[in-house]
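What follows is one structure encoded as structure tokens, with my remarks underneath.
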Amino acid sequence: MEEFETGKQARRRTRPTHEPEIVNEFGKLPPQETSMEDAVLGALMLEKDAYNEVCEILKPESFYNPANQKIYEAIQSLAANGKPIDMLTVTEQLRANKVLDEVGGALRISELTGMVSSAANAEFHARIVAQKYLARELISYSSQVQALAFDESIDVYDLMQEAEGKLFEISKNTLKRDVIPIENAVQDAIKKIEEAANRENGLSGLESGYHKLDRLTSGWQNSDLIIIAARPAMGKTAFVLSMAKNMAVDYNYPVAVFSLEMSSLQLVNRLISNVCSLEGEKIKSGQLTQPEWENLMTRTRSLSTAPLYIDDTPSLSIFELRTKARRLVREHGVKIIIIDYLQLMNATGMKFGSREQEVSTISRNLKQLAKELDIPIIALSQLNRSVETRAADDKMGKRPQLSDLRESGAIEQDADIVCFIHRPEYYTRSSEDAEGNNIRGLAEFIVAKHRSGATDTINLHFVSKYARFENQGEQDLTSSETTYESKMNSASAPAAPINDGFTPPPPNVDFLQGPEDKPMPF
């Protein structure tokens with residue numbers, strides 16, 4: 001027995017110290033492939049260009065063996081200083097780092113170079129090493145989450161957000177997208193041009209319903225991040241809801257709206273006011289005339305069947321948004337996402353020194369999400385108070401500019417398009433400007449930044465009582481928009497109900513088949 005123990009001790013003494021055996025709480029060795037690690041390091045010291053193939057795939061912590069981590073750090077230092085990478089230079093660098101003995105000495109370096117005959121498979125081996133590292137990271141984070149889940153003092157929803165944030169960090173830092181040859185990119189571009197040429201409107205992107213704006217942008221483009229900013233009461237939400245109605249109802253584009261400020265009921269009431277040309281107060285009180293009820297029931301049919309999806313989760317995190325957006329695109333084919341508004345989002349699970357850094361992270365991740373899903377994302381944003389402090393007779397007056405974006409200059413950098421909404425009537429409190437021009441209902445949609453096109457100011461018409469933005473001269477462009485309102489306004493006698501395929505119910509019959517003999521509020 002004593003002889004057996006002595007032999008076992010001898011085997012322990014001869015086992016290389018650079019191959020640790022660490023058993024986790026599951027009773028298993030963590031995922032690792034030390035032979036692949038050795039092959040990669042050996043290849044890096046044999047072929048001078050091998051490092052360029054693996055430098056974006058591997059980092060020191062990707063190696064399971066601590067000795068291999070130190071060797072790779074030495075190789076990184078040599079490459080950063082433009083020095084050759086071979087057995088001798090790596091040995092000297094390890095000696096300079098005072099870790100040569102820790103990795104097994106010069107003999108260990110020599111053994112690594114003797115393990116491989118060529119560096120032909122270095123990239124393939126490196127990807128295996130990276131995958132094992134990713135598996136270890138997932139195990140580590142899941143173990144942390146499991147331990148925290150037993151702590152009843154921690155809110156489970158906060159824990160979920162933190163776990164999602166950690167997973168996002170792992171995927172963002174580990175997974176790289178391969179480059180593509182320009183030939184493929186040119187073919188994709190030509191295909192897009194052909195698709196635009198075959199469309200009647202000649203647009204390559206999604207129509208917003210605002211004709212001059214669509215001509216300027218050629219429609220909202222896939223993978224673009226569009227920021228629409230304005231001071232409070234300028235009509236940001238009214239604009240995106242009007243646009244969402246145009247896109248979902250008129251063009252049948254699936255649209256998702258994430259509302260962090262207003263409830264879904266408030267948004268739907270605004271949409272009903274927009275579609276039915278009914279004042280918001282009437283919708284809230286339910287005090288509608290017979291023709292107005294008929295108009296409501298008729299026109300909301302198109303809204304009810306529109307591919308419009310609303311999420312009113314308050315204080316939405318960028319990680320929640322990413323998960324929900326992927327599901328909406330996968331399950332419902334959503335073509336565009338609207339967020340109201342950016343400053344109400346958070347980046348739960350990550351630590352920041354300031355709110356400005358957090359907003360920068362949110363805007364950067366919104367741009368990444370737009371690229372990943374290959375759809376346009378429109379985010380509303382607040383402007384700072386510098387607009388209010390400028391005098392009306394300044395060069396810019398009350399018109400917003402890029403420097404007015406609130407909390408983060410990164411918003412301007414990340415966005416492909418930055419737009420502002422300005423209504424001169426709000427500041428002058430008059431129906432005319434200084435030159436005597438009629439500005440009643442005028443809304444200026446200012447495209448201040450356009451990464452792939454021109455900038456300009458588009459004049460729109462704002463109907464405040466219906467919270468609706470229209471093209472200027474809407475009556476000339478879309479006569480169907482004025483059918484109900486024009487009849488109501490032009491008739492001297494009580495207006496007759498519009499005949500839009502709707503058969504008025506008999507007296508004392510509820511429109512919604514309710515239990516009472518009076519119309520039920522929608």
Side-chain angles (χ1 to χ4, degrees), residues 15-41 44 54-77 97 99 102-104 122-177 317-324 326-327 346-353 357-358 361-362 364-365 368-369 372:
R15 177 183 296 163
T17 58
H18 53 270
E19 294 183 1
E21 292 187 4
I22 302 173
V23 179
N24 58 25
E25 62 269 29
F26 301 105
K28 299 179 180 179
L29 282 173
Q32 39 86 25
E33 193 63 65
T34 54
S35 61
M36 291 290 183
E37 294 181 9
D38 295 345
V40 169
L41 294 175
L44 294 180
V54 306
C55 61
E56 292 188 357
I57 304 173
L58 298 177
K59 46 190 176 181
E61 53 267 36
S62 301
F63 292 84
Y64 175 73
N65 188 336
N68 288 345
Q69 292 180 8
K70 294 181 173 62
I71 296 172
Y72 189 73
E73 286 176 353
I75 292 174
Q76 273 189 326
S77 299
N97 294 344
V99 293
E102 295 179 26
V103 303
E123 183 179 355
F124 178 78
H125 294 159
R127 292 192 182 279
I128 294 176
V129 172
Q131 289 173 5
K132 298 297 183 181
Y133 166 69
L134 178 58
R136 293 197 301 273
E137 286 290 279
L138 290 173
I139 292 171
S140 174
Y141 281 128
S142 64
S143 299
Q144 293 177 27
V145 171
Q146 183 181 16
L148 293 173
F150 282 102
D151 189 343
E152 296 185 359
S153 65
I154 298 177
D155 185 271
V156 67
Y157 296 105
D158 290 341
L159 179 59
M160 288 172 60
Q161 294 306 311
E162 183 174 355
E164 189 173 10
K166 292 292 187 182
L167 288 174
F168 174 68
E169 281 190 82
I170 293 175
S171 63
K172 182 179 67 173
N173 295 332
T174 305
L175 302 179
K176 304 292 183 181
R177 186 172 180 176
S317 76
I318 186 63
F319 310 111
E320 283 181 298
L321 173 67
R322 181 178 291 270
T323 301
K324 293 182 176 183
R326 285 171 175 163
R327 187 181 304 122
N346 64 71
T348 304
M350 304 176 71
K351 296 181 180 180
F352 302 94
Q357 293 177 355
E358 186 173 14
T361 298
I362 293 169
R364 185 165 55 251
N365 280 284
Q368 292 173 355
L369 182 60
E372 175 190 334

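When a residue number appears, it is its place in the shown sequence, counting from 1.
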With rounding to the nearest 0.5 angstrom, report the [atom1] to [atom2] distance, [X] to [Y].
{"X": "N68", "Y": "M36", "atom1": "CG", "atom2": "CE", "value": "13.5 Å"}
{"X": "R136", "Y": "E61", "atom1": "CZ", "atom2": "CD", "value": "10.0 Å"}
{"X": "E37", "Y": "Y72", "atom1": "CD", "atom2": "OH", "value": "12.0 Å"}
{"X": "R127", "Y": "L58", "atom1": "CZ", "atom2": "CG", "value": "9.5 Å"}
{"X": "I71", "Y": "Q76", "atom1": "CD1", "atom2": "CD", "value": "13.0 Å"}
{"X": "D38", "Y": "H125", "atom1": "CG", "atom2": "NE2", "value": "11.5 Å"}

Chi angles and distances behind the side-chain contact (heavy atoms from CB on, under 4.5 Å) call for F63, L41: CA-CA 10 Å; F63 292 84; L41 294 175; 4.0 Å; yes
Looking only at heavy atoms, what is the nearest atom pair of A126 and V40, with distance?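 In terms of heavy atoms, the two residues are closest at N-CG2, 3.7 Å.
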Looking at every heavy atom in both Q69 and Y64, which two are closest together, and how far apart are they?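 In this case the closest contact between Q69 and Y64 is NE2-O, 4.3 Å.
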Flag side-chain contact, heavy atom, 4.5 Å: P31 against I139: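 Result yes, sub-4.5 Å side-chain heavy-atom pair found.
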Partners passing side-chain hydrogen bond (donor to acceptor under 3.5 Å, both in side chains) against E33 (at least two apart in sequence or in another chain):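 Per chain and number, E33 pairs via side-chain hydrogen bond (donor to acceptor under 3.5 Å, both in side chains) with S35.
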Inspect the contact between R322 and E372 and indicate whether a charged nitrogen and a carboxylate oxygen are less than 4.0 angstrom apart.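 Salt bridge present between E372 and R322.
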With sequence neighbours left out, write down each residue that passes salt bridge (charged side-chain N to carboxylate O under 4.0 Å, His left out) with K324, or none if nothing qualifies.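 In terms of salt bridge (charged side-chain N to carboxylate O under 4.0 Å, His left out), with neighbours along the sequence ignored, K324 is linked to D311.
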